[in-house]
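Heads up: the structure comes next, in structure tokens.
Here is how names work: the chains are called A, B, and so on, in the same order as the sequence lines, proteins then strands, and each is numbered from 1. Keep in mind the model is a prediction, meaning the values are calculated, not measured.
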There are 2 protein chains.
Amino acid sequence: MIPGTPKPGRVNDVIGAVTRHIRHKDLMPGDRLPSEAALSKELSVSRPVVREALRSLAAMRIIELNTGRRATVAQIDHGPLSLLLEHGLNTEQINVQQIYDVRRTIEGRIVALAALRRTDEEAEAILGHARAMRGAEADPPRIMEHDLAFHAAIARASRNPVFALIVGAFEGITRQTWAIGWRSRVSEDARQTMLDTHLAMAEAIEAGDPVEAARLMALHFDESTRALLDAGLA
Amino acid sequence: MIPGTPKPGRVNDVIGAVTRHIRHKDLMPGDRLPSEAALSKELSVSRPVVREALRSLAAMRIIELNTGRRATVAQIDHGPLSLLLEHGLNTEQINVQQIYDVRRTIEGRIVALAALRRTDEEAEAILGHARAMRGAEADPPRIMEHDLAFHAAIARASRNPVFALIVGAFEGITRQTWAIGWRSRVSEDARQTMLDTHLAMAEAIEAGDPVEAARLMALHFDESTRALLDAGLA
DNA sequence: TGCAAGAACCTGTCAGACAGGATGCCGCGA
DNA sequence: TCGCGGCATCCTGTCTGACAGGTTCTTGCA
């Protein structure tokens, strides 16, 4: 089977025409696309068909729709991947453990890159989140927010938008499972260990030590995976 | 800004309602959704609105649309991620080198998992593709197809659909850049090395040696990245 | 020359309609 | 009783026309 064979239908024709238009005219994020009426006329299809095509592209974050304004080329964003993964989880096509394996793999590389490429401001921000996690000990939701921001900041510091995209896509799922992991760390000791690991990682990034940073990230995920397994998730 | 705040509009309302419907009723891939007319009536919106919402979900491969039949819950698929990455590449938001770094990271882990988890049939299939690559030496497009199938088969053998999803998403881009890498390997020696590495990797998977398999995968990507850089891509 | 009001443009949503594919039921025949 | 074919029904794909409300551009006035 040739994968490049698109389904028939006028809507898919329009989707193809618009993507070709973007590529052919070398449009950049923010550039405006033709109006619905113009596309409708040019491609000899009705406006509802054009609208469905534009909605499809908007769903994938290839374009952005704005009421009253014309559609514009969009910046890549983890939104669609995020929803896709949540769907996979809801329909039991994937499980949390598999996601954690992917995160462990990717974030291990990310944190090494971040240790090498981070600016001083980024190192400071990452440290700030690690410290804030420890400072919010009695407030789990706040710890989680700083935890998520910690990982997102590291992804950005890796200077690779593809990594940042993937990490961002996992954020929604993490929001749904974070509390489970936290609660399964029953002892005060286990909770301190997790906070300490984050702080040590931030310090390794600041020190520019990719090996140590990657080691701590792997440690963190091993420990997190175990915590989720203890809680009966799999 | 709270990321969970969806844009207003009836279409987005319907998208939310349908996703909730899937989750709440514990629908599995293949299960049928309510008809457009039913949704239209239940949510008090017009049918075009319902259609745009369903198209959006179909674009993300959360549901599948079939003419004449009702929409069904879909299996997760790399389609949307694939298009998103191609868009990012076209609009210069990401570059090929960054993608190769991600692939190197992920596929290094995948191949180690595959070495541990592969069935005998899978090991045989992977070996088959590696051998076919060598056998098709004079026919670059055929080498490429077996190369892609080689990586896809390894991803499947890793028994983690999330890994398979990501690897699959890179396939389209690889199709666009593979020939550049091949042509940049001007010497017969360099081409042989690439084919040999694949074969050795397949053997390591068959032997159940994750460390060696991962080492060869890293080697392969280092070499590929260098080939692309030599060709002036970045 | 600068600005503000209005015209022109554009998207969001609705109603109604018809063609064609898919499904399922029901009755007929073996 | 069981199998099968045909027809009624359901459902999607597409079109036309219309109107409200937000945005952008232009023109004319100060």
Side-chain angles (χ1 to χ4, degrees), chain A residues 5-19 21-22 25 27-75 77 79-80, chain B residues 5-19 21-22 25 27-75 77 79-80:
Chain A
T5 311
K7 282 200 177 183
R10 294 182 219 267
V11 174
N12 294 77
D13 293 346
V14 177
I15 291 176
V18 172
T19 54
H21 181 269
I22 292 174
K25 294 237 168 161
L27 296 188
M28 291 293 128
D31 290 348
R32 291 191 304 179
L33 271 63
S35 73
E36 292 177 0
L39 287 170
S40 167
K41 191 178 160 195
E42 187 179 342
L43 303 171
S44 305
V45 294
S46 66
R47 198 156 77 91
V49 168
V50 172
R51 283 187 60 79
E52 286 183 26
L54 294 180
R55 277 281 180 195
S56 290
L57 292 168
M60 292 183 285
R61 297 296 173 92
I62 287 175
I63 67 172
E64 197 168 333
L65 298 178
N66 313 285
T67 84
R69 280 203 303 280
R70 286 200 236 162
T72 54
V73 176
Q75 291 202 297
D77 177 271
Chain B
T5 312
K7 281 199 176 183
R10 294 180 219 266
V11 174
N12 294 77
D13 293 345
V14 176
I15 291 176
V18 172
T19 54
H21 181 269
I22 293 174
K25 295 239 169 160
L27 297 187
M28 290 294 129
D31 289 349
R32 290 190 306 178
L33 272 64
S35 72
E36 293 177 1
L39 287 170
S40 167
K41 191 179 161 194
E42 186 179 341
L43 302 171
S44 306
V45 294
S46 67
R47 197 154 78 90
V49 168
V50 172
R51 284 187 59 79
E52 286 183 27
L54 294 181
R55 277 279 181 198
S56 291
L57 291 168
M60 292 183 287
R61 299 293 174 95
I62 288 175
I63 67 172
E64 196 168 335
L65 299 178
N66 314 286
T67 83
R69 281 202 304 278
R70 284 200 234 162
T72 55
V73 176
Q75 290 201 297
D77 176 272

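- Across every non-hydrogen atom of Arg55(B) and Val11(A), the tightest pair is NH2-CG2, 3.4 Å.
- The shortest distance between side-chain heavy atoms of Val14(A) and Val49(A) falls below 4.5 Å.
- Taking every heavy atom of both residues into account, Ser40(A) and Arg47(A) meet most closely at OG-N, 3.8 Å.
- Closest approach of Leu65(B) to Ala71(B), counting heavy atoms only: CD2-CB, 3.7 Å.
- For DNA chain C, the outermost nucleotides in 5' to 3' order that have an atom under 4.0 Å from a heavy atom of chain B are dT13(C) to dT23(C).
- Going from atom CD1 of Ile22(A) over to atom CG of Leu33(A) covers 5.0 Å, rounded to the nearest 0.5 Å.
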Seminar exercise, completed: Its contact letters, B for base, S for sugar-phosphate only and - for none at protein heavy atoms under 4.0 Å, make nucleotides 6-19 of chain D read -----SBBBBB-B-
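- Counting only distance, with no hydrogens or angles, the side chain of Thr72(B) and the backbone of Arg32(B) share no donor-acceptor pair below 3.5 Å.
- With Val50(A) as the fixed residue, the side-chain contact (heavy atoms from CB on, under 4.5 Å) test singles out one of Glu36(A), Arg10(A), Lys41(A): Glu36(A).
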